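These figures come from a predicted structure and were not determined experimentally.
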Amino acid sequence: MPTINEILNTMDYGPAPESQKEAQAWLDGHQRKFGLFIDNAWSEPAELFASTNPADGTQLAELTQASDHDVERAVEAARRALPVWQGMGGHGRAKVMYALARLLQKHSRLFAVLETLDNGKTIRETRDIDLPLAARHFYHHAGWAQLQSEEFADYRAVGVVGQIVPWNFPLLMLSWKIAPALAAGNTVVFKPAEFTSLTAMLFAELCVQAGVPAGVVNIVTGDGRVGSAIVNHPGVDKIAFTGSTEVGRLIREATAGSGKKLSLELGGKSPFIVFEDADLDGAVEGLVDSIWFNQGQVCCAGSRLLVQESIQERFLNKVRTRMENLRLGSPLDKSMDVGALVDPVQRQRIAALVDSARAEGCDVWQPACELPADGSWFPPTLITGASTSAAVAQAEIFGPVLVAMSFRTPPEAVQLANNTVYGLAASVWTESISLALDIAPAIKAGVVWINSANQFDAACGFGGYRESGFGREGGREGMLEYMTALAEDARPALPVVQAKVKGNAKPVAADPFAIDRTAKMYIGGKQARPDSAYSAPVFGANGALLAEVGVGSRKDIRNAVEAAHKASGWTSATAHNRAQVLYYIAENLAARADEFAARIAAMTGSKNPEKEVQASIERLFYYAAWADKYDGLAHQPPTKGITVALNEAVGVIGIVCPNEAPLLGFISLVAPAIALGNRVVVVPSEAHPLSALDLYQVFDTSDLPGGVVNIISGNADELARTLATHADIDAVWRHDGSGEGCAEVERLSAGTLKRTWVGGAKGRDWYSAAQSGGRAVLAHASQVKNVWIPYGV
């Protein structure tokens, strides 16, 4: 029986151009000049820039470069529209969103052609992938709007949302962003990519037709200055950005300390792993869909081919044969596989990276194909012989370039797959379901496709780990990105303890703790002296010296992080086992309740320290209960298969604890983190650290493995700074009420794009389960991985 490649070699294609008549007529109807869409009205075109067809370089239209004043008007319109949009209720919003979905379907061919003209991707992709998915997102999220009052009863809309999208999927990214924002009751200031704004202009017209109230959706066009104005506007409550990791870092820094909610979907260097038992012909077709889809201009493109050594040459020969049959040409021709790159600058960047591979001695193979004379084109490219540190193996090329490497064993495949700063997606090909399901959780990526590639659906979350950003698009978790827990609104305006207690350094003889004592730190399951050899006094509520504590340093943090990484077995332990340990910690804390109550009374002057100890015991029971109940979800997208959304541990979390309720605050932050399999490096209350440092005795008698919890006492600002800049820490939480300190954590975390959870300058009622418990806290301690598993195909 002939193979797919043999059949392809015998086939011939005639031209099958798609008519662009209606799209050109629509552009002519606007005199090929567009203003801004603000408050359901079009502004007069002002400072203009060109939008060109990347396939031939011809100008399609001119768009307005928005000013800071324009962004101000858009934000004001969005703010005015909030009570109107929210006042319509879930059903009212659902009806409008349903109308938008229907209008997208009714005008799907116009949108598809316009997108192809503006972006350069093939008409088959815009017609068969982008448009159906865009409509699907509005349908799906119309349902969430309808169900919001019961499914998200404990949440409210964030408010005014600023959204910035790239040029690779202009309309699809618009739907990913705007649909959940509107469903949750937010209003939007949306900035399309400078190169590809035309379908956003057409969508604005649909908003009016669908009955979207004025100011709910505002669209401002222009270059990066417009995005910067949105990011920095104090009237914007959330920023949702999709784009490069470099710009994502700048946005993280710009929003630090502002209180804005932030989600970032950034770059990727996704592995495409082929095992020796895979259906090789199927894997080749999956590879085509993965790396040459949209000319490789896809953040989750399978740009790193990892193929088992035993089949390497056979598979690469099949890949080269398939590449020779890829048709490159006019994107409006329905028989074409590869279209044009979005811009000459992008083509030059891709060419430079490929040239660097040649200079490093790599083998660069390209099929014989004639590139059109005009426009931005680059041939499908296969690179072999690259080292794991080569630029083409590490950098996001964002073009039709595949870098191939081999591996021998599954553990080596995982090691190579994770040898990147990114963590967006991966594709695993094998006929062994047990192997596939063993590999998928081991890959550090937010999405894993099994025997498939580039599968998307509105019901299934999408987003990355590490420098691929944080937050999710789609699914229940995507809706939560556009909401705020109501409990956050009830938090105290200021921390209960705002400053360290000062004392007279004179021990009081009647105090049972008035002895010469230096409380040690706790690293790797052992007491540890500070590397600095310095100690600091801890004073009680009456000003008396209670004890000395070690002053932690960068070296101590480094040792604690190393210990935490060695304790990775805690993450792979069963949730049942983790729950048992938490129950055991609670049991042993209860046995020493009087001692801990006395310690709290001496430090804080509390009149009822027993209440805090009892609340801490209950909080341990609470998160022990959650440990084996914080399950994921199983989605059934329209494609044949199932998507399993797994709640995975974040990794190593740095935690800075509050000064108020020093024991309960410590437990309320550490317990959810370790319940879900994380390991922690904890800075206890700077003012009242002793009850936390005493816990090492409880941990040692509760079967908690060494390295799961590491406690470093000292200056909160200095230690938080070290945690935020440490490359091997995956997230930082700071809840000591320091507004400046929390802003610094967010700003410094941009270096490696750590996830952060900070309290800002406000306090938190640590006795309230609503403010310091529940799924909202557990979401900070976990990240969702969506594993796509096909069946019935």
Side-chain angles (χ1 to χ4, degrees), residues 26-27 29-52 59-85 114 118 158-167 170-171 173-175 177-178 181-182 186-210 212-243 247 250-251 254-255 258 260-262:
W26 180 80
L27 291 169
H30 288 270
Q31 291 77 50
R32 297 184 181 261
K33 286 184 172 61
F34 293 88
L36 309 172
F37 184 73
I38 299 174
D39 220 7
N40 274 20
W42 292 96
S43 68
E44 288 296 320
E47 179 188 345
L48 297 172
F49 62 94
S51 181
T52 61
Q59 181 171 306
L60 293 170
E62 290 180 298
L63 297 121
T64 295
Q65 170 69 38
S67 65
D68 288 352
H69 176 66
D70 294 322
V71 172
E72 180 70 34
R73 290 196 303 116
V75 173
E76 288 178 356
R79 182 65 59 186
R80 286 195 305 271
L82 268 174
V84 176
W85 185 236
L114 189 62
D118 202 24
V158 173
V160 175
V161 178
Q163 301 178 319
I164 304 167
V165 300
W167 40 258
L171 182 67
M173 291 294 99
L174 177 150
S175 69
K177 292 286 192 290
I178 290 182
L182 297 190
N186 302 282
T187 56
V188 169
V189 177
F190 181 85
K191 180 199 170 301
E194 178 185 4
F195 293 147
T196 54
S197 301
L198 294 180
T199 48
M201 302 291 97
L202 179 54
F203 177 80
E205 294 184 351
L206 296 195
C207 288
V208 177
Q209 294 179 46
V212 177
V216 171
V217 174
N218 305 274
I219 300 177
V220 289
T221 53
D223 57 22
R225 292 172 291 175
V226 182
S228 179
I230 294 172
V231 167
N232 290 294
H233 197 292
V236 172
D237 302 299
K238 172 185 167 62
I239 296 295
F241 172 78
T242 296
V247 175
L250 295 175
I251 292 174
T255 57
S258 67
K260 288 183 172 71
K261 198 167 183 178
L262 179 63

Are side-chain heavy atoms of Phe34 and Ile219 found at a separation under 4.5 Å? no

Quick one: side-chain contact (heavy atoms from CB on, under 4.5 Å) partners of Val247, sequence neighbours excluded? Phe241, Ser244, Ile251

Say you draw a straight line from CG of Leu82 to OG1 of Thr187; how long is it, rounded to the nearest 0.5 Å? 3.5 Å

Would you say Lys191's side chain and Gly222's backbone share a donor-acceptor pair under 3.5 angstrom? yes

Is the closest side-chain heavy-atom distance between Lys260 and Asp237 below 4.5 Å? no

Any chance you could measure Phe190, atom CZ, to Ile230, atom CD1, to the nearest 0.5 Å? 9.5 Å

Measure from the side-chain N and O atoms of Asn186 to the backbone N and O of Val158, and report whether any donor-acceptor pair falls under 3.5 Å. yes

Option passing side chain to side chain contact (heavy atoms under 4.5 Å, CB included) with Leu36 (candidates Leu63, Asp70, Val226): Asp70

Counting C-beta onward and ignoring hydrogens, is there a side-chain heavy-atom pair between Pro192 and Thr221 closer than 4.5 Å? yes

Asp39 vs Arg80, salt bridge (charged side-chain N to carboxylate O under 4.0 Å, His left out): CA-CA, chis, key distance, verdict: CA-CA 9 Å; Asp39 220 7; Arg80 286 195 305 271; 2.9 Å; yes

Any donor-acceptor N or O pair under 3.5 Å, side chains Lys177, Thr242: yes

For the backbone of Ser67 and the side chain of Arg225, can you confirm whether one donor and one acceptor N or O come within less than 3.5 Å of each other? no

Any Val208 side-chain heavy atom under 4.5 Å of Phe37 side chain: yes

Can you see which heavy atom on Arg73 is nearest to which on Ser43, and at what distance? NH2-CB, 4.1 Å

Can you pull out every side chain to side chain donor-acceptor pair (under 3.5 Å) where at least one residue sits in residues 194-210? Sequence neighbours excluded, please. Trp26-Glu205, His30-Glu205, Glu115-Thr199

Any side-chain to backbone donor/acceptor pair from Lys33 onto Thr64? Under 3.5 Å, distance only. no

Do Arg32 and Glu62 have side-chain heavy atoms sitting under 4.5 Å apart? no

If I compare all heavy atoms of Gly235 with all of Val160, which pair ends up nearest, and what's the gap? O-CB, 3.7 Å

Considering all heavy atoms of both residues, which atom of Ala77 and which atom of Ile38 are nearest to each other, and what is their separation? CB-CG2, 4.2 Å

State, with a plain yes or no, whether a side-chain heavy atom of Val189 is found less than 4.5 Å away from one of Val220. yes

Verify, without hydrogens or angle tests, whether Ser258 (side chain) and Thr255 (backbone) share a donor-acceptor contact under 3.5 angstrom. yes

As an exercise, state the distance from CG of Asp118 to CG of Leu198, rounded to the nearest 0.5 Å. 4.0 Å

When you measure from the side chain of Asn218 to the backbone of Gly215, do you find a donor-acceptor pair of N or O atoms at a distance under 3.5 Å? yes

Restricting to side-chain contact (heavy atoms from CB on, under 4.5 Å), what partner residues turn up for Leu250, sequence neighbours left out? Glu253

Rounded to the nearest 0.5 Å, what separation is found between the CG atom of Leu202 and the CG atom of Leu171? 8.5 Å

Within-4.5 Å side-chain heavy-atom neighbours: Leu60 and Thr52: no

Nearest-0.5 Å distance that lies between atom CE in Met201 and atom CG in Leu27: 12.0 Å

Please answer whether the main-chain N or O of Ala229 pairs with a side-chain N or O of Asp68 as donor and acceptor at a distance below 3.5 Å. no

Please check if the side chain of Gln59 supplies one atom and the backbone of Ala50 the other of a donor-acceptor pair under 3.5 Å. no

